[in-house]
Amino acid sequence: MKLYSTNNKDNIVDFEEAIFNSLPQDKGLYMPLEIPRMSDSFIQNMKDLSFQEIAFDIAKAFLKDTIPADELMQIIFEAINFKAPVVELADETFALELFHGPSLAFKDFGARFMSRIMGYFIEQGEKKLDVLVATSGDTGGAVALGFLRVSNTRVTILYPKGKVSPIQELQLTTNAENIRAIEIDGTFDDCQKLVKQAFIDPELNEKYRLTSANSINIARLIPQTFYYFNAYAQLLKRGVSEVIFSVPSGNFGNIGAGILAWKMGLPVKQFIAATNMNDTVPLFLETGNYIPKASIQTYSNAMDVGDPSNWVRIMQMFGGSREELKKIIIGYKYTDEQTLDAIKQLYKENNYVVCPHTAVAWLGVNEYKKSNPDETARYVFLSTAHPCKFPEIFPEEIAAEIKIPSQVRDLEGKQKQVASLAADYAGFKDYLLTAI
Ligand SMILES: *Cc1c(COP(=O)(O)O)cnc(C)c1O
């Protein structure tokens, strides 16, 4: 598999280089030089395949020249080891639940696949891979649990002290083994600065093989196509063949993967890009002006992104044309108040509790339905995290209904292990050089 940089089509690298660099030197993003096309017969027959079989066939279409089939199959079977069911609510609308993995959010798909792909390329005897991540909550948990016990790798996570939710903190700090957590007395931006400085530190780079496991890594995008195909397969089983996906979007990786799936031949009728008030993309779709903004804090905080880094990838898939893009994507944005109302309404009408990100996607479905009353396709909104990760947002009556999954109950008995550091580079570097 070959990839090019979105800033320079002549900058072509192979897959291994793309995953370990994450970002090309020219600051573009890696994209597949050729997007494989899945056959119509594959798509029609998916309803007879398991999720893992579907995922394997798609991964093979990308990576058949790069990773031998038996090894790829093992990677898929280890990485995609939890379900992604579509759940029917009232009026033939479906929730695609992507939160059944270890960190209870859809980022598990990307993180688990990427960790095992990286593990595959690091051969025995090579320098161990050191992953450094700064997190405001969700990404760190997925990366930590994704890399847990992957041989030849070690993860160091930095998070802002006191600023992640209790469940997130458990996910970050109870792993031990090859995962280390550091609470930084500062903000998420401080954490990110420390990590960035470490990446350009010659002494650290001499001693360690550092990587960022960044969210824009192409190895995180590919596995996110799997669940769009699998959702379609589940709907085919119910006799549904026309689908509209609504995706709660922040950095636009999730919906980017959906569009990639569509480019690969998945028959999607429409994508709804639903955002919170970080509305750079809905505004661009409406006006044609892409104006990056500083992010605003909202209830759906994993979507608080004012300049979505995957947006260039999406533009590339439409040859840069907003007109082409608008044929398949519509953008909507919602306030916190609307988000909370949506959580209450879904609970009242369906007895179904969603996280604030998912509520934004459901609002997108409702708005689209209102303006297209004759639409015959079925709606699927992506449910990106388990509601128990955001306990502070729910009214008491709804919070009481949230069932704590076993992944969290298992963590509660475990010992927390965390180093505490100031937001100061000298101290962080000293930790990296001396801690074991
Ligand atoms: C990261 C995240 C999102 C946003 O996904 P993008 O790929 O960044 O658009 C939505 N919901 C949850 C729960 C997330 O963790």
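As the structure lists them, so they are numbered: ligands from 1, and atoms in each ligand from 1. Heads up: numbering here begins at 1 and tracks the sequence.
- A heavy-atom distance below 4.5 Å is not found between the side chains of Tyr232 and Lys47.
- The parts of Asn254 lying near ligand 1 are both backbone and side chain, judged by heavy-atom distances below 4.0 Å.
- Here His357 and Phe390 bring their ring centres to under 6.0 angstrom of each other.
- The aromatic ring centres of Phe56 and Phe226 sit 6.0 Å or more apart.
- Residue Met303 approaches ligand 1 through these ligand atoms, each under 4.0 Å from one of its heavy atoms: 3 (C), 4 (C), 10 (C).
- Comparing Trp311, Phe106, Phe252, Phe99 against atom 5 (O) of ligand 1, the shortest heavy-atom distance belongs to Phe106.
- Aromatic pair Tyr352/Tyr347: ring centres not closer than 6.0 Å.
- Residue contact check: Asp138 has heavy atoms under 4.0 Å from atoms 13 (C), 15 (O) of ligand 1.
- The ring pair (Phe, Tyr, Trp, His ring centres under 6.0 Å) test with Phe82 is passed by exactly one of Phe109, Phe77, Phe51: Phe109.
- Heavy-atom contacts of Ala385 reach the following atoms of ligand 1: 13 (C) (cutoff under 4.0 Å).
- Atom OG in Ser212 sits 12.5 Å away from atom CG in Asp130 (nearest 0.5 Å).
- Close contacts between ligand 1 and Gly253 involve ligand atoms 6 (P), 7 (O), 9 (O) [criterion: under 4.0 Å to a heavy atom].
- The option from His357, Lys107, Gln224 that lies nearest to atom 14 (C) of ligand 1, judged by heavy atoms, is Lys107.
- The cationic atom of Lys263 (NZ for Lys, CZ for Arg) lies less than 6.0 Å from the six-membered ring centre of Phe318 and within 45° of the ring axis.
- Taking every non-hydrogen atom of Ser249 and a distance limit under 4.0 Å, the qualifying atoms of ligand 1 come out as 9 (O).
- Atoms of ligand 1 lying under 4.0 Å from any heavy atom of Thr384, numbered from 1 in the order shown and given with element: 10 (C), 11 (N), 12 (C), 13 (C).
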